[in-house]
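Below, all heavy atoms of this structure are taken into account, side chains as well, without hydrogens, waters or symmetry copies. Quick note on labels: first sequence line is chain A, next is B, and so on, each numbered from 1.
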Amino acid sequence: MTAVKNLRAAAEPPPGEASDVQAAVRGVTRVYPAAAGRPPLHALGPLDLDLRRGEFFSVVGPSGCGKSTLLDLIAGLAPASEGEVSFEGRPVGREVPEGVGVVFQEDASFPWLTVRDNVAFGLRRSGLPKAEVAERVDHAVGFMGLAAFAEAYPAQLSGGMRQRVCIARTLVTRPRLLLLDEPFGALDQQTRLLMGDELLRLWRETGATVMLITHALDEAAMLSDRVGVMSRRPGRFIEILETGWARERDSRVVSDERFGRITARLWSLLREESLASIEAGRSK
Amino acid sequence: MSRVGLIRLAVVVAFVALLELATRAGWISSYSLIPPSQMAVAAVQILLAGRMLDDILLTLQNVAAAFVLAVVVGFFGGVLLHQAPRLRRAVDPLLASYYAVPVFIFYPLMIVIFGLNAWPLIIIGFLFAVAAMVVNTLDGFDRIPRVFFKVARVQRLSWTAEVFQVTLPAAAPYLFNGAKLCVAYAFIGVIAGEFILAGAGMGYEIAFAYNNFDNRTMYGLMLLLLVFVTTVNMSLYAWEQRLQRRRGGR
């Protein structure tokens with residue numbers, strides 16, 4: 001149980017923060033200004049979204065609809081052109097708020113550091129005593145199944161293991177909101193299913209709110225409490241689907257008949273949008 | 001030693017043995033080339049007698065000064081160009097054609113500017129080496145994955161922390177390669193400068209021995225120079241290989 005306590009401490013709301021909404025997006029748009037002879041690009045919105053504390057929320061949508069842009073806005077990695085983003089009631093500016101962790105699609109493990117040092121990197125500026133840093137790092141490394149590779153360099157690991165290093169590096173900071181930008185996009189289907197199981201375990205044990213950006217409908221249907229379906233660019237939510245899964249679940253839900261219905265519904269919503277998106281790309 | 005290392009050593013030993021045989025058997029005139037064993041004896045005698053110690057030290061000092069100057073100026077020049085894309089676009093063609101310019105032609109100008117001392121040669125060595133450092137610095141910074149900077153922002157690193165904990169380690173292989181090239185170019189620039197233009201240094205002594213048909217001194221000095229350069233480069237190469245193995249070529 002120490003392990004669970006170790007991770008859960010992060011997910012507790014800060015004192016005086018009792019709202020059910022962890023992060024809120026209100027009337028947000030993102031327009032990229034004109035550059036190099038190209039007109040301004042309206043990438044996203046206007047859209048609204050409430051991320052409920054402790055939920056697993058996935059975002060699906062056609063390529064280029066602004067999924068990753070939405071994640072960047074919530075993380076404070078990019079500014080909104082209009083509207084407001086808040087995290088635990090405080091507006092998100094141009095800095096990543098404390099309590100937010102992000103895992104990217106690209107391999108972001110540092111090749112010059114061992115697995116242990118990569119994970120410890122997340123705590124370099126924490127000011128925590130060395131003993132606590134070591135304890136948290138050992139725990140996160142073990143939790144992600146990397147204990148046997150703690151002294152290995154990323155180049156000695158598979159793609160899936162490197163992505164686990166990145167997740168562990170985020171975990172040690174005990175994020176209350178975990179933003180995942182297609183973290184399994186480069187992995188094969190079997191590894192993705194297994195990583196999905198690990199992600200569900202992590203979500204349950206940390207109690208963190210998770211927002212996952214994915215292009216895989218089955219991944220979204222399997223992992224999520226709710227799935228936000230976005231339109232083609234400029235992306236807006238056309239429907240937010242409740243999956244109704246129990247909190248205790250794993251990749252075996254794919255054999256549940258409800259899984260098929262959810263996936264079919266997602267596809268029926270997305271098919272027209274995806275076709276229109278492709279058509280728009282052809283006509284340029 | 002690895003199999004590849006053994007093959008490499010065998011090739012060198014075979015080549016030296018062939019030269020020894022060719023010179024001893026008279027296939028190559030001793031006026032042109034002395035046996036490698038005699039070169040080694042001459043090199044040891046030069047070192048033990050200490051008669052050219054000042055020249056050797058002068059050359060090594062000049063090379064070291066040219067190297068340090070090239071690495072520091074090249075690195076910060078690369079950083080400046082990386083931060084100023086317009087300036088970079090303007091300078092890029094000049095960098096691409098840099099090695100087409102015979103920098104030795106500037107030696108008289110260097111004497112006018114710096115006087116008759118070591119600086120003109122150091123500057124020649126520096127000019128020879130600096131572009132390699134600039135290009136490698138630019139290359140290193142260009143190739144840092146953008147996601148590393150996003151990670152730095154997510155970790156809320158300060159500007160200095162980002163530079164020292166992310167940017168420089170990520171660019172290190174290219175910076176290292178730039179420094180390695182600077183060693184080679186600094187040696188070439190300084191020795192060639194001494195050979196043609198100076199009144200002291202190893203390059204000058206080699207040229208002096210050549211003009212006086214003093215083959216033993218000339219080949220002894222050449223061997224010493226070869227040992228210096230090879231030792232420095234092999235050490236850097238071994239260090240680089242160790243770093244690359246960790247990174248798995250990423």
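In this structure, Arg116(A) and Val119(A) have side chains that are not in contact, with every pair of non-hydrogen atoms separated by 4.5 Å or more. Taking the side chain as every heavy atom from C-beta outward, Val151(B) and Phe110(A) approach each other to under 4.5 Å. Looking only at side-chain heavy atoms (C-beta outward), Thr170(A) and Val102(A) stay at 4.5 Å or farther from each other.
Among Gln105(A), Glu95(A), Glu106(A), the residue with the largest count of heavy-atom pairs under 4.5 Å with chain B is Glu106(A).
Remark: Glu84(A) engages no residue in a salt bridge (Lys or Arg N to Asp or Glu O under 4.0 Å) (not counting sequence neighbours).
Listed by sequence position, Asp72(A), Gly76(A), Leu77(A) are the residues of residues 65-78 of chain A in contact with chain B, using a 4.5 angstrom heavy-atom cutoff. Within residues 152-172 of chain B, the residues approaching chain A closer than 4.5 Å by heavy atoms are, in numerical order, Arg153(B), Val154(B), Gln155(B), Arg156(B), Leu157(B), Ser158(B), Gln165(B), Val166(B), Pro169(B), Ala170(B).
Note that Arg164(A) lies outside the cation-pi zone of Phe149(A), set by a 6.0 Å cut-off to the ring centre and a 45° limit from the axis. The cationic group of Arg30(A) lies under 6.0 Å from the six-membered ring centre of Tyr32(A) and within 45° of the ring axis, placing it in a cation-pi geometry.
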For residues 56-70 of chain B, which side-chain donor-acceptor pairs fall under 3.5 Å, sequence neighbours excluded?
residue  : atom : partner   : partner atom : Å
Thr59(B) : OG1  : Asp55(B)  : O            : 3.1
Thr59(B) : OG1  : Glu194(B) : OE1          : 3.0
Thr59(B) : OG1  : Glu194(B) : OE2          : 3.0
Thr59(B) : OG1  : Met202(B) : N            : 2.7

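Ring pair Tyr153(A)/Trp112(A): centre-to-centre distance not below 6.0 Å. In summary, the aromatic rings of Phe128(B) and Phe104(B) are positioned with their centroids under 6.0 Å apart.
Using a 4.5 Å cut-off between heavy atoms, Glu98(A) touches chain B through backbone and side chain atoms alike.
To the nearest 0.5 angstrom, Gln22(A) atom CD is 5.0 Å from Phe87(A) atom CZ.
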